[in-house]
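The structure appears below as structure tokens.
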Amino acid sequence: MFLLGGESKVDGNRNGYVIVTAALPYANGEIHLGHVTSTYLPADIFSRYLKLKGRKVLYISGTDDHGTPILIQAEKEGIPPEELVRKWLSRDIEDFSKLGIEFSIFYKTHSPENIELTQRFFENIYKKGFIFKQEIEQWYCGNCKRFLPDRYVVGTCPFCGAENQYSDGCEVCGRAFPSYMIKEPKCIVCGSTPFLKESIHYFFKLSSFSDQLRGWLVSNSNLQPEVRNYVLKWIEDGLKDWDITRDISWGVPIPLNEKDAEGKVLYGWFDNHLGYIAFTYKYFRDHMGEEVDTRKIWNSSVIYHFIGKDIVYHHYLFLPAMRMAEGSFKLPDYLPTRGHLLLQNEKFSKSKGWYISLRNFLEIFPPDYLRFYLALTTPYSQKDVNFDWDDFQLKLNNELIANIGNFIHRVLTFTYSYFEGIVPEPSEMEELDLKFVDDLKQAVRDVGELMDEIKLDKALKRILDFSTSCNRYFQSSEPWGKRDKGKTCIYLSINAVRTLSILLWPFIPFTIEKLWNTLNIPKSFRNSSLISWSSVSELKIKPGHKINKPSVLFKRMDKEIMEQKEKFKKKH
RNA sequence: AGCGGGGUGGGGAAGUCAGGUUAUCCCGCGGGGCUCAUAACCCCGAGGUCGGUGGUUCAAAUCCACCCCCCGCUACCA
């Protein structure tokens, strides 16, 4: 019996682990803003939020190492695939850490842990009779001496005659078709003409799981309705059994002692789905020793798999069906799915240079600027997100700097120059002050609810609304015009700054940690009640507390943005 | 071709599932205020027949039907 996810709410199981995973980046290229937008940033913001709430959170990901593209790339570079994936693993870790993406573990599918788990997994579902063999015909390049995946064969569309189309579909007429139908096929690597060749492959009986999958999709109320409907439609149309082997050497060997299994490996999507579990094993072995029962922990955790919409099929059909077939690992409770990133309203294209790598971006802009902008513009839905330089500039200048930055800075400098940095004793609260305290409490409640629902963009908007009301309060209180220099206003405002800092930490951690230094909240206090979700709406900063000399948290970057705008002007 | 998502004042978005007083927010625009703050902040105002047509209802951006337009996805692309 498999363990159905979906009933666990994050607050329902307060002592257990929360396992947050981010879909694995393929280990043959650099991380770009698209990866970050749909997957790694939302997952990071969310796990930071859970940490503030005092939850035991594991944030898990790693590289997806296997498959033909990596093999070919390694050949091109003249290095073994092991070396290629090792290179990308360390590159990815560097890039992510510069953005403040804090994984508990970022590991790799080409690891003993994952290979072992994958083989065991295969054996288990093989024994249960969910694997069968079938002969298939595939394009084979005689020159490269290998079978070619569909995307490694180009040719002429059998329907509209458009040239240079991938063998599984035509971008010109929009039709999808079986690969063998393509006219005048060419190997994308060497250009020679491939031929169709037979090979025995192993298939997973995905179709047997239609009812169970439907049941899971319908009963798991945590899934996004639009994605659920999308996947249900596929089940209605009939699921095809899934070819889970490939005729290459790079991957997890099929753990069977028979001739048909020789020279073949398991398909990358078979082993990378198990990476989440294998990496969790690795984490516990490293941190708690061999005797930890990871399976038990896994099954008693609340599980979130963050993904981009391009891999919905794999995560809503293949992954759950595999776990159902094997039967001992729980399904995800949540599968937060987000859309793609467009650049100036056009699709990213590496070959056309129309994309932004994370590394290049962070060479120019501070990580928090990117985190803020993307978090604010990426909804909890499959809708695509547009990265637009004008919009980036506007949002930074008007929302981050002029709203949040301004409030924090005006409060801190006021305190510093009129009270020598010492938080004043408040006088009796007036109606305006009491109302502000209510506003603060309401804001915290709203933000918490939205964060729990993973609606991170709306949560951030709500924080901005709160910041606006902070500015409004400060403005109407006019502390500068009062004889006592508005002691109550400053006391409440400083506390509002602390509240804001906690609300904002998951989004812009670098800046907030700087701010905590200015607020004179020592590092040792940062896991205490001073910095935690449970105290976020309290007035924790007491009169007499001394703050440090404030400095500007955000600087405007109009010149740098202008340069980028020039660079990404219409090229066509 | 099929399926999914969307079309809301000049630009970008929220609201639509659970229909209801002057349709919300940011930018931009016009006017005013404040001076603590990174020309930042606060207030007031102009501007929308909520893609089209028809229907249900006392009442529709919101529900139903049909149509138009835009975007995305379609399993061996990881």
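Hydrogens, waters and symmetry mates are skipped; everything else that's a heavy atom, side chains included, is used. Here is how names work: the chains are called A, B, and so on, in the same order as the sequence lines, proteins then strands, and each is numbered from 1.
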How many Å lie between [atom1] on [X] and [atom2] on [N], as a whole number?
X: Lys309(A); N: C3(B); atom1: NZ; atom2: P; answer: 17 Å
X: Leu464(A); N: C41(B); atom1: CG; atom2: P; answer: 12 Å
X: Leu396(A); N: C27(B); atom1: CG; atom2: P; answer: 14 Å
X: Leu450(A); N: A14(B); atom1: CG; atom2: P; answer: 14 Å
X: Ile561(A); N: C27(B); atom1: CD1; atom2: P; answer: 16 Å
X: His340(A); N: G4(B); atom1: NE2; atom2: C1'; answer: 13 Å
X: His273(A); N: A75(B); atom1: NE2; atom2: P; answer: 15 Å
X: Glu478(A); N: C43(B); atom1: CD; atom2: P; answer: 13 Å

Any sub-3.5 Å donor-acceptor pair from [X]'s side-chain atoms to [Y]'s backbone N or O?
X: Glu77(A); Y: Leu84(A); answer: no
X: Asn398(A); Y: Leu394(A); answer: yes
X: His35(A); Y: His32(A); answer: yes
X: Asp384(A); Y: Leu341(A); answer: no

When you compare [N] with [M], how far apart are their [atom1] atoms, in angstrom units rounded to a whole number?
N: G28(B); M: G47(B); atom1: C1'; value: 12 Å
N: A14(B); M: C26(B); atom1: P; value: 15 Å
N: G32(B); M: U49(B); atom1: P; value: 29 Å
N: A23(B); M: G9(B); atom1: C1'; value: 11 Å
N: C43(B); M: U53(B); atom1: P; value: 38 Å
N: G15(B); M: U56(B); atom1: C1'; value: 22 Å
N: C29(B); M: C66(B); atom1: C1'; value: 40 Å
N: G6(B); M: A18(B); atom1: P; value: 15 Å

message: Suppose we call two aromatic rings close when their centres sit under 6.0 Å apart. Are Tyr313(A) and Trp234(A) close by that rule?
response: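 Ring-ring flag for Tyr313(A)/Trp234(A): true, centres closer than 6.0 Å.
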Salt-bridge contact Asp243(A)-Arg246(A) (side-chain N to carboxylate O under 4.0 Å):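 A salt bridge links Asp243(A) with Arg246(A).
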Is the shortest side-chain N/O distance from [X] to OP1 or OP2 of [N] below 4.0 Å?
X: Arg556(A); N: A40(B); result: yes
X: Tyr267(A); N: C76(B); result: yes
X: His314(A); N: C73(B); result: no
X: Lys383(A); N: G7(B); result: no
X: Tyr418(A); N: C36(B); result: yes

query: Between the side chains of Ser467(A) and Asn403(A), does any donor sit under 3.5 Å from an acceptor?
result: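 Distance-only check passes for Ser467(A) and Asn403(A).
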task: Verify the stacking flag for Trp480(A) against C36(B): centroid separation must be under 5.5 angstrom and the ring planes must differ by under 30 degrees.
output: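 Per 5.5 Å and 30° rule: yes, stacked.
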How is [X] classified with respect to the nucleic acid when contacts are heavy atoms under 4.0 Å: base, sugar-phosphate, or nothing?
X: Ile401(A); value: base
X: Gly275(A); value: nothing
X: Ser381(A); value: nothing
X: Lys458(A); value: sugar-phosphate
X: Asp64(A); value: sugar-phosphate
X: Phe414(A); value: sugar-phosphate
X: Arg472(A); value: sugar-phosphate
X: Lys240(A); value: base
X: Leu148(A); value: nothing

Nearest of [options] to any side-chain atom of [X]?
X: Ala402(A); options: C34(B), A40(B), U38(B); value: A40(B)
X: Tyr313(A); options: G33(B), C76(B), U74(B); value: U74(B)
X: Asn471(A); options: C3(B), C41(B), U38(B); value: C41(B)
X: Asn406(A); options: C73(B), G72(B), C41(B); value: C41(B)

- prompt: Mapping Asn386(A) and Thr413(A) onto RNA chain B by nearest heavy atom, which one lands closer to the 5' end?
  reply: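 Taking each residue's closest nucleotide, the earlier one in sequence belongs to Asn386(A).
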message: Judged by each residue's nearest nucleotide on RNA chain B, which is more toward the 5′ side, Gln382(A) or Gly481(A)?
response: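 Going by which nucleotide is closer to the 5' end, it is Gln382(A).
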task: Under a 3.5 Å limit for both distances, which nucleotide forms a Watson-Crick or G-U wobble pair with U56(B), could you say?
output: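 Its partner: none found.
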field: A13(B) - base-pair partner by Watson-Crick or wobble geometry, distances under 3.5 Å
entry: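 Because both required distances fall under 3.5 Å, A13(B) counts as paired with U24(B).
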- prompt: Could you state the interatomic distance from CG (Leu206(A)) to CG (Leu239(A)), rounded to the nearest 0.5 Å?
  reply: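 Rounded to the nearest 0.5 Å, the CG-CG separation comes to 4.5 Å.
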